[in-house]
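The structure appears below as structure tokens.
In this text the structure is predicted, and so the values were computed from the model without any measurement. Each chain gets a letter, A, B and so on, in the order the sequences are listed, and its residues count up from 1.
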2 protein chains.
Amino acid sequence: MQASVDIDTSEALTERQKAVLDAALRLLVEEGDQLTMTAVARRASCSKETLYKWFGDRDGLLTATVQWQASKVRVVPVDRKGLDLASLTASLERFASDWLKVISSDTSIALNRVAVGRAGPIRRKDGKDDLGAIVLENGRFALARRLKPVLEAGRQAGLLEFSDAEAAFRTFFGLVARDVQIRLLLGDRLELTDAAIGGDAVRATHQFLALYGAKTGPQGL
Amino acid sequence: MQASVDIDTSEALTERQKAVLDAALRLLVEEGDQLTMTAVARRASCSKETLYKWFGDRDGLLTATVQWQASKVRVVPVDRKGLDLASLTASLERFASDWLKVISSDTSIALNRVAVGRAGPIRRKDGKDDLGAIVLENGRFALARRLKPVLEAGRQAGLLEFSDAEAAFRTFFGLVARDVQIRLLLGDRLELTDAAIGGDAVRATHQFLALYGAKTGPQGL
DNA sequence: TCGCTTCCGTACCGTACGTTACGGTTCGGC
DNA sequence: GCCGAACCGTAACGTACGGTACGGAAGCGA
């Protein structure tokens, strides 16, 4: 029962277990929340007994799958040396573009769907591993942790002006994501081409700089 | 998107049926998606046979419940006469405040949860009314339909400058909502007091005017 | 009073699915 | 070769829940 892999996740997984979780992830993307243990076992060519032995129950399998996907998204650290307006702009555009790509990906949509669906007013009985918290931690909050140092560096370089990095980040978040995520989660067909994402990233960055850019000199477009 | 915007579904409902839908709505808020037909029948003091006779099946009951809630949110039209910067600002702040109150309400969260959960890759076979489309239509798109005339009036009054009302609306949407909705849907405890909502509305409006205001300063795209 | 309609309460059915059990197979160690 | 562990495939069990059927009560017109 309690033998599930809940902590130190990516370390304690064998290759076989990773393959099983990959199969579960694929199934989750294809079929949404109503994926069954039988389907996972069949897709992964393993027995249900093994699934229960490894992950405890369906909830544990779901949690392990989400954590497994989260562990796969490793982040490249941003270099803060030689920061000028051009490099800051490029960094912000890169963050915006990456974030739009993430939230519009099938995997992210599927994971957010299942996490939202299970985040009801009824808490899990063990209450420990909440899928919503995991997704949030590896999504929005991870983005904030990565972006804030860039914002701080921009401020120290005299390129940005703000008093609250959290508020500045949330504004950037809103300018980038706008209504994209909720529309996608609600099933709206919203084709986001690479070109559209690039344009949105540029627009969001310009708007953010218009709001938080240091007023020393001509800026704007 | 589609028409069927203001179809008055509340017309064909008897008082008893409205009471039943209210009970279902309350149950939805309390228990999330896993509300059962038996629970609805017991809460509404009616028989399951009646539920099926009135709403067809569980999907029909869910759809009727969402539409019933949507029909209850009636909108006060905005007067566009005598528009100056102060009244425009007040209107925008009002929109922002109302929208934040909506998306942070228990009812909205519950409805969005169930709609997101059911908006998986598996489409309804008969393609009947999709909950996600209904929520979207009565949420984001209804807000756009209400706000765009205000934006247009502001532009004609020389207070705003934009070429694409849809883009301007989406920017306003992003500045107002930021990460609030996704965090709430994912179960993040995010206490939004009336004071905080008011402050956010003022901030969002201020930022929007900084980007799209027709002053002799920085102008948006 | 009778018959009709509507609806409540509840028992019932069928199925899907989470979970468990078990026989059979592979594989490493001795 | 033999043993035990791990694992696959599948059958079986228990239960929850969507959906249906049925008896009975209340209202209503004649």
Between C1' on D/dC17 and CD on A/Gln34, what's the gap in Å once rounded to a whole number?
16 Å

Nucleotide D/dG9, atom C1' - distance to CE of A/Met37 in whole Å:
15 Å

If you compare every side-chain N and O of B/Trp54 against the phosphate oxygens of C/dT6 (OP1, OP2), does one of them come in below 4.0 Å?
no

A/Lys101 and A/Ser97: side chain donor to acceptor below 3.5 Å:
yes

Report the distance from atom CZ of A/Arg58 to atom P of C/dA16, rounded to the nearest whole Å.
16 Å

Closest to side chain of A/Lys53, choosing from D/dA6, D/dG19, D/dC17
D/dA6

Check the distance between D/dC7's P and A/Arg42's CZ and give it to me in whole angstrom.
21 Å

OP1, OP2 of C/dC8 versus side-chain N and O of B/Arg16: anything below 4.0 Å?
yes

Tell me what B/Ser45 touches on the nucleic acid: a base, only sugar-phosphate, or nothing, going by heavy atoms under 4.0 Å.
sugar-phosphate

With nearest nucleotide decided by heavy atoms, which residue, A/Thr38 or A/Ser47, maps closer to the 5′ end of DNA chain C?
A/Thr38

Considering only C/dC8, D/dG18, C/dG18, which nucleotide approaches the side chain of B/Cys46 most closely?
C/dC8

Figure out the OH/C1' separation between B/Tyr52 and C/dG9, and round it to whole Å.
15 Å

Under the salt bridge (charged side-chain N to carboxylate O under 4.0 Å, His left out) test, residues paired with B/Glu15 that sit two or more places apart:
B/Lys18

What about A/Glu49: does its side chain form a donor-acceptor pair under 3.5 Å with the base of D/dC8?
yes

Atom-to-atom span, CD of A/Glu31 to C1' of C/dC17 - whole angstrom
13 Å

What I want to check is whether an N or O donor and acceptor connect the side chain of A/Lys48 with the base of D/dG9 at under 3.5 Å.
no

Using a strict 4.0 Å threshold on nitrogen-to-oxygen distance, state whether A/Asp33 and A/Arg58 make a salt bridge.
yes

In whole angstroms, the gap separating C1' of D/dG18 from CG of B/Asp57 amounts to 9 Å

Could you tell me whether B/Asp22 and B/Lys72 make a salt bridge, using a distance below 4.0 angstrom between a side-chain N and a carboxylate O?
yes

Charged N-O contact under 4.0 Å between B/Arg140 and A/Asp188
no

State whether A/Thr50 places a side-chain N or O below 4.0 Å from either non-bridging phosphate oxygen (OP1 or OP2) of D/dC8.
yes

Could you tell me the separation between the CG atom of B/Leu62 and the C1' atom of D/dG18, rounded to a whole number of Å?
13 Å

